[in-house]
> 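Let me begin by handing over the structure; questions about it come next.
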Amino acid sequence: MHCSVTDLTPIDDVPVGPETETEDLRAGPIPFYTQFVGKMDMFAEREQVAAYLQAHQTWFHRCAQPMTVTPLGENGYILTVGQFGALGFEVEPKIAVVLEPPQADQYWMHTIPLPDPACQGYEVDYQAVMTLAEVAAPTFSPELNRFFQKHSLARPDRITRVEWQLQMTVAVQFPRYIYKLPLGLIQKTGDRLLTEIVRQVSPRLTYKVQQDFHRERGLPLPPKHSRSFQRVQGEGPDAEAPQVLD
């Protein structure tokens with residue numbers, strides 16, 4: 001897959017010896033993993049939200065900015081996420097994704113192989129699913145009821161909650177000098193970097209989709225508490241609390 005590397009120690013400059021030969025035995029791709037869940041509320045009935053999401057050709061490229069988006073077939077896109085780096089290794093993630101037709105109010109988005117056979121250096125497995133559920137007025141939160149009162153809006157009978165979850169694994173083939181570092185350091189740094197990439201990209205996309213949907217319909221943007229996301233990181237004291245998205 002596409003890989004842009006800068007400031008790397010050339011492979012020819014790495015001394016070859018017994019230690020290097022040992023390191024080469026474990027110098028294959030290293031996988032990094034992260035998982036998130038989130039939600040956003042839409043001030044409309046489920047059918048309207050479903051129709052909007054299905055017409056992704058009209059909004060996806062706009063809401064995905066500043067990522068570079070190139071259409072790929074009828075339901076696919078090639079995304080260039082931006083440049084990220086750690087440990088002297090920089091990469092410009094580029095992935096191909098498909099938005100599958102919905103099944104039972106579920107929308108699945110996943111990676112497919114990039115059409116460019118020259119791309120190499122990492123492999124991305126991205127799986128995300130969105131689920132639509134209507135929320136009736138009697139179960140609205142006090143904050144949401146106050147929002148309608150503040151803006152002098154008639155409280156709708158129901159709204160639609162879009163809940164989503166994503167899993168992402170990236171396997172990276174590093175230059176040889178990286179494998180001289182402790183494997184635990186590489187793993188910890190890579191997991192943290194992957195998580196930060198998702199933290200930057202996913203909340204921004206969530207906000208822009210919610211904003212785009214309501215703006216097109218002349219509706220006010222729902223309050224901050226109506227959208228949130230969190231990393232899935234076990235239970236107990238180490239679990240991450242949901243984060244309200246600005």
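Residue indices begin at 1 and follow the sequence shown.
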> Same cluster or not: Val49 versus Leu144, using hydrophobic residues (I, L, V, M, F, W, Y) connected whenever any side-chain heavy atoms lie under 4.5 Å apart?
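Hydrophobic grouping puts Val49 apart from Leu144.
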
> For the atom pair CG (Leu219) and CD1 (Ile159), what is the distance rounded to the nearest 0.5 Å?
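Answer rounded to 0.5 Å: 11.5 Å.
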
> Any idea which heavy atoms bring Tyr107 and Pro102 closest together, and the distance?
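Where Tyr107 meets Pro102 most closely, the heavy atoms are CE2-CB, 3.3 Å.
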
> Same cluster for Val162 and Val198 if Ile/Leu/Val/Met/Phe/Trp/Tyr side chains link at under 4.5 Å?
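Yes, it is one cluster - the side chains of Val162 and Val198 are joined through contacts under 4.5 Å.
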
> Decide whether Met42 and Phe148 are clustered together by the hydrophobic rule: side chain heavy atoms of Ile, Leu, Val, Met, Phe, Trp, Tyr closer than 4.5 Å, transitively.
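No: no chain of side-chain contacts under 4.5 Å links Met42 to Phe148.
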
> Has Glu163 got a side-chain atom pairing as donor or acceptor with Val129's backbone, closer than 3.5 angstrom?
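Checking the backbone N and O of Val129 against the side chain of Glu163, no donor-acceptor pair under 3.5 Å is found.
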
> Ignoring hydrogens and geometry, is there a side-chain-to-backbone donor-acceptor pair from Thr111 to Tyr126 under 3.5 Å?
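The answer is yes, because a donor-acceptor pair under 3.5 Å joins these two groups.
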
> Once rounded to the nearest 0.5 Å, what's the spacing between atom CZ of Arg227 and atom CG of Asp41?
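Taking CZ in Arg227 and CG in Asp41, the distance rounds to 10.0 Å.
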
> Starting from the C-alpha separation in whole Å, work towards a yes-or-no answer on side chain to side chain contact (heavy atoms under 4.5 Å, CB included) for Asn75 and Gln57.
CA-CA 8 Å; Asn75 294 310; Gln57 296 88 350; 3.8 Å; yes

> Closest approach of Phe140 and Val135, non-hydrogen atoms and distance?
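For Phe140 and Val135, the tightest heavy-atom pair comes out as CE2-O, 3.4 Å.
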
> Would Gln65 and Lys208 count as a side chain to side chain contact (heavy atoms under 4.5 Å, CB included) here? Give the steps.
CA-CA 9 Å; Gln65 294 179 356; Lys208 287 193 172 185; 4.0 Å; yes

> Would a single hydrophobic cluster contain both Phe36 and Trp108, if residues Ile, Leu, Val, Met, Phe, Trp and Tyr are joined by side-chain heavy-atom contacts under 4.5 Å?
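Different clusters.
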
> Against Tyr52, only a single residue in Val209, Thr160, Thr58 fulfils side-chain contact (heavy atoms from CB on, under 4.5 Å); can you say which?
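That would be Val209; it is the only one of Val209, Thr160, Thr58 passing the side-chain contact (heavy atoms from CB on, under 4.5 Å) with Tyr52.
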
> With no hydrogens and no angle check, is any side-chain donor or acceptor of Lys39 less than 3.5 Å from a backbone partner on Arg161?
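No, Lys39 side chain to Arg161 backbone: no donor-acceptor pair under 3.5 Å.
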
> Within this structure, what is the CZ-CZ distance for the pair Arg158 and Arg46, rounded to the nearest 0.5 Å?
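The distance works out to 9.0 Å.
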
> From Lys94 NZ over to Met67 CE, what is the distance, rounded to the nearest 0.5 angstrom?
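Those atoms lie 14.0 Å apart.
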
> Given the side-chain rings of Tyr122 and Phe32, with only the six-membered ring counted for Trp, is the space between their centroids under 6.0 Å?
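Not close enough - the centres of the two rings lie 6.0 Å or further apart.
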
> To check you understand the geometry: which heavy-atom pair defines the closest contact between Cys63 and Asp212, and what is its length?
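Looking at all heavy atoms of both residues, the closest pair is SG-CB, 3.7 Å.
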
> Taking the six-membered ring of Phe213 as reference, does the NZ or CZ atom of Arg217 fall below 6.0 Å from its centre and within a 45° cone about the axis?
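Cation-pi check for Arg217 and Phe213: passes.
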
> Which class fits the ring pair Tyr77 and Phe60: parallel under 30°, tilted 30 to 60°, perpendicular over 60°?
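Because their plane-to-plane angle is under 30°, the rings of Tyr77 and Phe60 count as parallel.
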
> Nearest 0.5 Å please: distance from the OG1 atom of Thr70 over to the NE2 atom of His61.
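Nearest 0.5 Å value for the OG1-NE2 distance: 11.5 Å.
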
> Are Val201 and Leu79 close enough that some pair of their side-chain heavy atoms sits under 4.5 Å apart?
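They are not in side-chain contact.
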
> Please report the shortest heavy-atom distance between Phe147 and Pro222, naming the atom on each side.
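It is CZ-CA, 4.3 Å.
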
> Please test Gln167 against Tyr33 for side chain to side chain contact (heavy atoms under 4.5 Å, CB included), starting from the C-alpha separation and ending with a verdict.
CA-CA 8 Å; Gln167 299 179 358; Tyr33 175 81; 3.7 Å; yes

> Do Ile30 and Ile178 share a hydrophobic cluster (ILVMFWY, side-chain heavy atoms under 4.5 Å, transitive)?
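Yes; Ile178 is reachable from Ile30 via cluster members.
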
> Please name the pair of heavy atoms, one in Pro220 and one in His214, separated by the smallest distance, quoted to 0.1 Å.
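Distance-wise, the nearest heavy atoms are O-CD2, 3.6 Å.
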
> Side chains of His225 and Ser141: closer than 4.5 Å at any heavy-atom pair?
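When only atoms from C-beta onward are counted, Ser141 and His225 do touch, with a gap below 4.5 Å.
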
> Quick one, Glu47 and Glu134 - any side-chain contact, counting heavy atoms below 4.5 Å?
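A side-chain contact exists here, since the closest heavy-atom pair is under 4.5 Å.
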
> Say you draw a straight line from CD1 of Ile186 to NZ of Lys180; how long is it, rounded to the nearest 0.5 Å?
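Going from the CD1 atom of Ile186 to the NZ atom of Lys180 covers 11.5 Å.
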
> Taking the six-membered ring for Trp, are His56 and Trp59 parallel (under 30°), tilted (30 to 60°) or perpendicular (over 60°)?
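Answer is perpendicular, since the angle exceeds 60°.
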
